[in-house]
Amino acid sequence: MRYDLVIFDNDGVLVDSEPISNRLLAAYLTELGHPTTYEDSIRDYMGSAMHRIHELVLERTGRRLPDDFDATFHSRVFEAFRRELEPVTGVADVLEKLRADGVPYCVASSGSHERIRVALRKTGLYGLFGEERIFSSEDVGRGKPAPDLFLHAARTMGVPPQRCAVVEDSPLGVQAAIAAGMDVYGYTAMTSAAKLARAHARFPGMAELPQLLA
């Protein structure tokens, strides 16, 4: 394999969380007087850190979200995750193959550390990572589309950016990986290939990923 590290996004790449979290985000924003459809949420917020939601709402409406917005939203999301969340089809096989081939991998997500762990534990993927290979936007000053998170993950794992591959499903994530100087592979299960056009390559099913990385 031509990479020394494969960095996975979490939401939508490892766990099938985007339909759940964007449904709840749209409903909560609407509840607060910011009418938002599920499609709006996918378009505007998918792949972004929480601070970006606050910034966009303030920019568009001149109104700040409540101080307890993050805590309330995460509470609703975690409750739904524990009921509904499933791993992305085929991703466990990809991780097992990387491990068998001796290729290091990690997760770097815009989500909080708690959100990542809740998701990985519910889906049975936590054991394939462990604490030392989980990175969150909470670890850096800026989340995606800034490159900071991916660069932090690579630096911690001891791999130069040009030897890293990133697996992403959002335009923001693709932008961040490119800014970090890494090859990025766009997973198109929920996002159209056109929206991930800047990715190094695009693929609709996890079974295709190992060959792309080889």
P35 meets the side-chain contact (heavy atoms from CB on, under 4.5 Å) criterion, sequence neighbours left out, with none
Review point. Do R117 side-chain atoms and I134 backbone N/O form a donor-acceptor pair below 3.5 Å?
Key: no
Got V57 and L29 here, is their nearest side-chain heavy-atom distance under 4.5 Å? yes
Could you tell me whether the side chain of T30 and the main chain of T36 form a donor-acceptor pair under 3.5 Å? yes
One should read off an interatomic distance between F78 CZ and R83 CZ, to the nearest 0.5 angstrom, of 13.5 Å
Can you confirm whether or not the ring centre of Y105 sits under 6.0 Å from the ring centre of F129? yes
Q. Shared ILVMFWY cluster between L212 and M182, side chains joined below 4.5 angstrom?
A. no
For E55, the side chain to side chain donor-acceptor pair (under 3.5 Å) test, sequence neighbours excluded, returns H51
Between P204 and T188 the two heavy atoms that sit nearest each other are CA-OG1, 3.3 Å
Practice item. Taking atom CD of Q211 as the centre, report whether more than 12 heavy atoms of other residues, nucleotides or ligands fall under 6.0 Å from it. Key: no
- request: For R133 and L128, indicate whether the former's side chain and the latter's backbone hold a donor-acceptor pair under 3.5 Å.
  value: yes
- Message: Assess whether a salt bridge exists between D44 and R52, defined as any Lys/Arg side-chain N lying under 4.0 Å from an Asp/Glu carboxylate O.
- Response: no
request  = Would you kindly say whether E131 and Y126 are connected by a side-chain donor-acceptor distance under 3.5 Å?
outcome  = yes
F203 ring center within less than 6.0 Å of Y185 ring center | no
| said: When you measure from the side chain of T191 to the backbone of D169, do you find a donor-acceptor pair of N or O atoms at a distance under 3.5 Å? | reply: yes
Hits for side-chain contact (heavy atoms from CB on, under 4.5 Å) against H54, two or more places apart or cross-chain, chain-then-number order -> L65, F69, D70
(request) Could you tell me whether K97 and D101 have a side-chain N and a carboxylate O separated by less than 4.0 Å? (result) yes
Separation between CZ (R23) and OG (S17), nearest 0.5 Å, reads 11.5 Å
Using distance only, find each side-chain donor-acceptor pair of residues 138-145 under 3.5 Å and give its atom names and separation, not counting sequence neighbours.
unit_1	atom_1	unit_2	atom_2	d
E138	OE1	H113	N	3.0
D139	OD1	H113	NE2	2.7
D139	OD2	H113	NE2	3.3
D139	OD2	S136	N	2.9
R142	NE	D148	OD2	3.4
R142	NH2	D148	OD1	2.9
K144	NZ	D9	OD1	3.1
K144	NZ	A108	O	3.2
K144	NZ	E168	OE2	2.6

Distance col, row L149:CG vs I7:CD1, nearest 0.5 angstrom, shows 8.0 Å
*asked:* Donor-acceptor check, side chain of T156 to backbone of A154, threshold 3.5 angstrom: yes or no?
replied: no
TODO: Please indicate whether D67 has more than 12 foreign heavy atoms, meaning atoms of other residues, nucleotides or ligands, lying under 6.0 Å from its CG.
DONE: no
Checklist line | Worked check of salt bridge (Lys or Arg N to Asp or Glu O under 4.0 Å) between R43 and E39 | finding: CA-CA 6 Å; R43 182 193 66 227; E39 292 75 18; over 6 Å; no
Next on the checklist: Within the 4.5 Å heavy-atom criterion, are V15 and V88 side-chain neighbours or not?
Outcome noted: no
When rounded to the nearest 0.5 Å, the distance separating CZ of R121 from CZ of F81 is 14.0 Å
Between G173 and F150 the two heavy atoms that sit nearest each other are O-CE1, 3.6 Å
When rounded to the nearest 0.5 Å, the distance separating OG1 of T72 from CG of L32 is 8.5 Å
Taking every heavy atom of G111 against every heavy atom of I116, the minimum-distance pair comes out as O-CD1, 3.8 Å
- Query: Is the shortest heavy-atom distance from the side chain of P161 to the side chain of L151 under 4.5 Å?
  - Reply: yes
The reported gap from CG in L14 to CE in M206 (rounded to nearest 0.5 angstrom) is 7.0 Å
Y38 meets the ring pair (Phe, Tyr, Trp, His ring centres under 6.0 Å) criterion, sequence neighbours left out, with none
- prompt: Going by distance alone, is a donor N or O of one side chain under 3.5 Å from an acceptor N or O of the other, for N22 and Y45?
  reply: no
Take atom CZ in R60; do more than 12 heavy atoms of anything else shown fall under 6.0 Å from it? yes
Residues passing the side chain to side chain donor-acceptor pair (under 3.5 Å) test with R99, sequence neighbours excluded, are E96
